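Bear in mind the structure is a predicted one, so any value in this text is a computation, not a measurement. All chains are named by letter (A, B, ...) in the order of the sequence lines, taking the proteins before the strands, and each is independently numbered beginning at 1.
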There are 2 protein chains.
Amino acid sequence: MCIVKSNEHIGDRNVTPLSESEPAAGDTRSRPTMRHVAALAGVGVKTVSRVINGEPNVSAATIEKVNAAARKLDYQPDLHAGNLRRADGRTRTLGLLVGSVDNPFAGAVHRAVEDAAADRGVAVFASSLDDDPAREQEAVAAFLRRRVDGLILTTVSESQAYLAPELRRGTPVVFVDREPAGLTSDSVVSDNADGAALATRHLLEHGHRRLAYLGDRAGIQTARERRRGFLEELGRAGVATRDLPVVEGLHDEATAREATLALFAGDQPPTAIFSSQNLVTIGVIRALRELGRHHDTALVGFDDVPLGDLLDPGITVVAQHPQEIGRLAAERVFARLDGDEAPALRTVVPTTLIVRGSGELPPKAER
Amino acid sequence: MCIVKSNEHIGDRNVTPLSESEPAAGDTRSRPTMRHVAALAGVGVKTVSRVINGEPNVSAATIEKVNAAARKLDYQPDLHAGNLRRADGRTRTLGLLVGSVDNPFAGAVHRAVEDAAADRGVAVFASSLDDDPAREQEAVAAFLRRRVDGLILTTVSESQAYLAPELRRGTPVVFVDREPAGLTSDSVVSDNADGAALATRHLLEHGHRRLAYLGDRAGIQTARERRRGFLEELGRAGVATRDLPVVEGLHDEATAREATLALFAGDQPPTAIFSSQNLVTIGVIRALRELGRHHDTALVGFDDVPLGDLLDPGITVVAQHPQEIGRLAAERVFARLDGDEAPALRTVVPTTLIVRGSGELPPKAER
DNA sequence: TGTCCTCCTGACAACGATGTCAAAGGTAGG
DNA sequence: CCTACCTTTGACATCGTTGTCAGGAGGACA
């Protein structure tokens, strides 16, 4: 280390060669920087910075000169370069991880998040997960390397403990749809067990006792909750669940359709079906139509189905409110960014039963 | 170390105090930088940089030391800081602008783009437009301030000439769904006129002569193309178009429903309808059902309708292929980034007629 | 006229990384 | 033993911007 007190030689300070030539303002092929704008406007870069950022104490004449130069060069400030030095270090960027952006539920969440973000000049990275734990960690790492201000995550891996250091550093992380494991942080979820119970009660009230559960993989937390809600409601109603068909591991239309067909190939087909997910519901509908049983087998699905009201019968569902989930998640992230230090908050968004016909069909035997 | 080039005054150059203390490695609340990792590993920052980026000429022992330190600190490199200096200046980021991320067409495009991007370690910003020209420019500016490597845009404003300087700087811009105006650049679009003609021909072949066109606002380029395809096909068939109802300006279910009801309140209701868009198709379906005319009025929609095959009648549509559009758009962007200097390319993705019932209903009078 | 204050302005360091370059150490060949 | 060369390493400048700070201009006041 070489610290010297220089009082004497004012001479050779400032030896920095600096790029001799003024930045060429006319070159249209290279991206203009503040220095180009400053050179064209005949002011210092810091003054340009002040004008671009609307800082006070710049004369009207200077503001106009700078703006004219910026317009002429089609100058756009480099947000990331600024962030490097800026006090708050915010990139005005959010990372959103969903099952798949090509999926109505995720689309609605995304849209709500985007609306909240756009109001604040924040851009949103969206990434799809496809239920692949490896993708989850890669996507999160990709977000973090880009220094997003906050994360809104649908997760699928066993544990999110890997996020603990990031959380300690103050990055807000909000989990949507599914709750985190191995970590405590804000979450916004549907009331899965309650919604499933609601659907089940609805079917019980219409006289069904032989109910079937068709659901997603048990590894998914929401699927487990829905299954629990289904079974517990039956328990409360005093219906023996031992012999009722509980099929899990369905994750698309094809597998759900096959499972339904198999159910009706057995000797005791159900009089009512609770399907725990969007795509499963659609698979069930297809199977029931093929079997010609869609008018005598009751069906309530979890999560709404597009055009469910135009089908015959209309599809009764327990609807989630993805828009609301997205809105609340964004609200949570921004509250944290604004300094909210409260303990992790779990926000539960209630579900809504939408009656359309398929859930009100009476049991076949009683007809 | 104090290396000075000037031979005379070793004195007062290089007074940089430099942070005296080694960066505190233990502080878990601040984000670690390369200097932290370097200090912990006992090497220089440039060596850390080499290890992180997999550059050659680092000894195995050093690599291990650095990786251990990085792991211990949960270090994530700052991609944007690196880009500032990096030779290629790539942020490994793409900007995608669509009508609304909460919309099946956009979702499919988005997903295809994301898949292509993820393969290359590129993250995608997605933003919604809502047919608002002001939003278009704001969103593009937000992308550019973040220095995206390329843009994939659905546009709505009169002219995209404002992008010319950016294009000159070499930023790849690919337009999807709608072609640009006032600017020449790559585009990937459906064959709108051809698809509309296909739908129209289909209805003509089933004996209809009194066709109605229900479409989106004429300000939207694709809507104009579809209208043109409809009218031209009628012209080719020698059907007088003068008295046929051509309704425009519809952009959601409600307006489409009302327009349909109005059509049937007139004295010469159509025997067949061509609806030029997703939401319009659904509005028409609702109106026809209310009127009880869904089994005697033929309908072909442009763009697929979710669960269209499960409705009664099934909805015949001219389907677009958004996934393919997204895939090709991403391919174009990456080709440009990889140095493709060919003139702007217009890629047309053909449409497909999907026959499901509603388009094959014969004219009522002939029944 | 001198002092103080406010307004405006620009030089400079710093943010976290990478490109350049030179130095240190080792090995091989003469 | 010297030279040439390769491998490994780190000091330093730099990318485009903002924070800090100091200096100059101008007005108000004594």
Student: Check every strand shown and say whether Val45(B) touches a base, only sugar-phosphate, or nothing at a heavy-atom separation below 4.0 Å.
Tutor: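 Contact class for Val45(B): none.
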Student: Hey, which sits more toward the 5' end of DNA chain C by its nearest nucleotide, Asp78(B) or Arg50(B)?
Tutor: Asp78(B)
Student: To the nearest Å, how far apart are Ile63(A) CD1 and dT9(C) C1'?
Tutor: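 Atom CD1 in Ile63(A) sits about 13 Å away from atom C1' in dT9(C).
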Student: Starting at CZ of Arg146(A) and ending at C1' of dG16(C), how long is that distance when rounded to a whole Å?
Tutor: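 It is 16 Å, rounded to the nearest whole Å.
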Student: How long is the line joining CE of Met34(A) and P of dT17(D), in whole Å?
Tutor: 5 Å
Student: Is there a side-chain contact between Leu96(B) and Phe143(B) (heavy atoms, below 4.5 Å)?
Tutor: no
Student: Heavy atoms under 4.0 Å, any strand shown: does Pro56(A) hit a base, just sugar-phosphate, or nothing?
Tutor: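 Pro56(A): no heavy atom of the nucleic acid under 4.0 Å.
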Student: Under 4.0 Å between a side-chain N/O of Asn53(B) and OP1 or OP2 of dT18(C), yes or no?
Tutor: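 It does, given that an N or O in the side chain of Asn53(B) lies less than 4.0 Å from OP1 or OP2 of dT18(C).
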Student: Identify, between Pro32(A) and Val58(B), the residue whose nearest nucleotide on DNA chain D lies closer to the 5' end.
Tutor: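 Taking each residue's closest nucleotide, the earlier one in sequence belongs to Val58(B).
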Student: For the pair made of CZ in Arg145(B) and P in dT17(D), what is the distance, rounded to whole Å?
Tutor: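 Going from Arg145(B) (CZ) to dT17(D) (P), I get 12 Å.
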Student: Over how many whole Å does the gap from Arg147(A) atom CZ to dG16(C) atom C1' extend?
Tutor: 9 Å
Student: Quick one: on DNA chain D, does Arg86(B) or Ile52(A) contact a more 5' nucleotide (nearest heavy atom)?
Tutor: Arg86(B)
Student: So, OP1 or OP2 of dC15(C): does either fall under 4.0 Å of a side-chain N or O from Thr33(B)?
Tutor: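 So the side chain of Thr33(B) is outside the cut-off, no N or O lying under 4.0 Å from OP1 or OP2 of dC15(C).
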Student: Is Ser59(B) near enough to dT9(D) that one of its side-chain N or O atoms lies under 4.0 angstrom from OP1 or OP2?
Tutor: yes
Student: Would you say dG16(C) has OP1 or OP2 under 4.0 Å from some side-chain N or O of Tyr75(B)?
Tutor: no
Student: Quick test of your reading of the model: are Asp338(A) and Arg120(A) salt-bridged, counting only N-O distances below 4.0 Å?
Tutor: yes
Student: Looking at Arg332(A) and Asp340(A), is there a salt bridge between them, counting it only when a charged N and a carboxylate O are closer than 4.0 Å?
Tutor: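 A salt bridge is present here (some side-chain N lies under 4.0 Å from a carboxylate O).
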Student: Checking all strands, does Ala38(B) fall into the base, sugar-phosphate, or nothing category for heavy-atom contacts under 4.0 angstrom?
Tutor: nothing
Student: Could you state the atom-to-atom distance from NZ of Lys46(B) to P of dC21(C) in whole Å?
Tutor: 12 Å
Student: Within this structure, what is the CG-to-P distance between Asn57(A) and dT6(C), rounded to whole angstrom?
Tutor: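 For the pair Asn57(A) CG and dT6(C) P, the rounded distance is 11 Å.
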Student: Which of the following nucleotides, dT9(C), dG16(D), dT9(D), is nearest to the side chain of Thr62(A)?
Tutor: dT9(C)
Student: Less than 4.0 angstrom from a charged side-chain N to a carboxylate O is my criterion; do Arg169(A) and Asp74(B) meet it?
Tutor: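 The answer is yes: the pair qualifies as a salt bridge.
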Student: Is the side chain of Glu136(B) donor-acceptor paired with the backbone N or O of Val156(B) at a distance under 3.5 Å, no angle test?
Tutor: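 Present.
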Student: How many Å lie between CZ on Arg85(A) and P on dA13(C), as a whole number?
Tutor: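 Computing the Arg85(A):CZ to dA13(C):P distance gives 12 Å.
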Student: Quick one: is Thr47(B) getting a side-chain N or O under 4.0 Å of the dT8(D) phosphate, OP1 or OP2?
Tutor: no
Student: Can you find an N or O donor on one side and an acceptor on the other, under 3.5 Å apart, linking the side chain of Arg31(A) with the base of dG16(D)?
Tutor: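 Absent.
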Student: Flag the pair Arg336(B) and Glu341(B) as a salt bridge only when some basic side-chain nitrogen lies within less than 4.0 angstrom of an acidic carboxylate oxygen.
Tutor: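 Looking at Arg336(B) and Glu341(B), the cut-off is not met.
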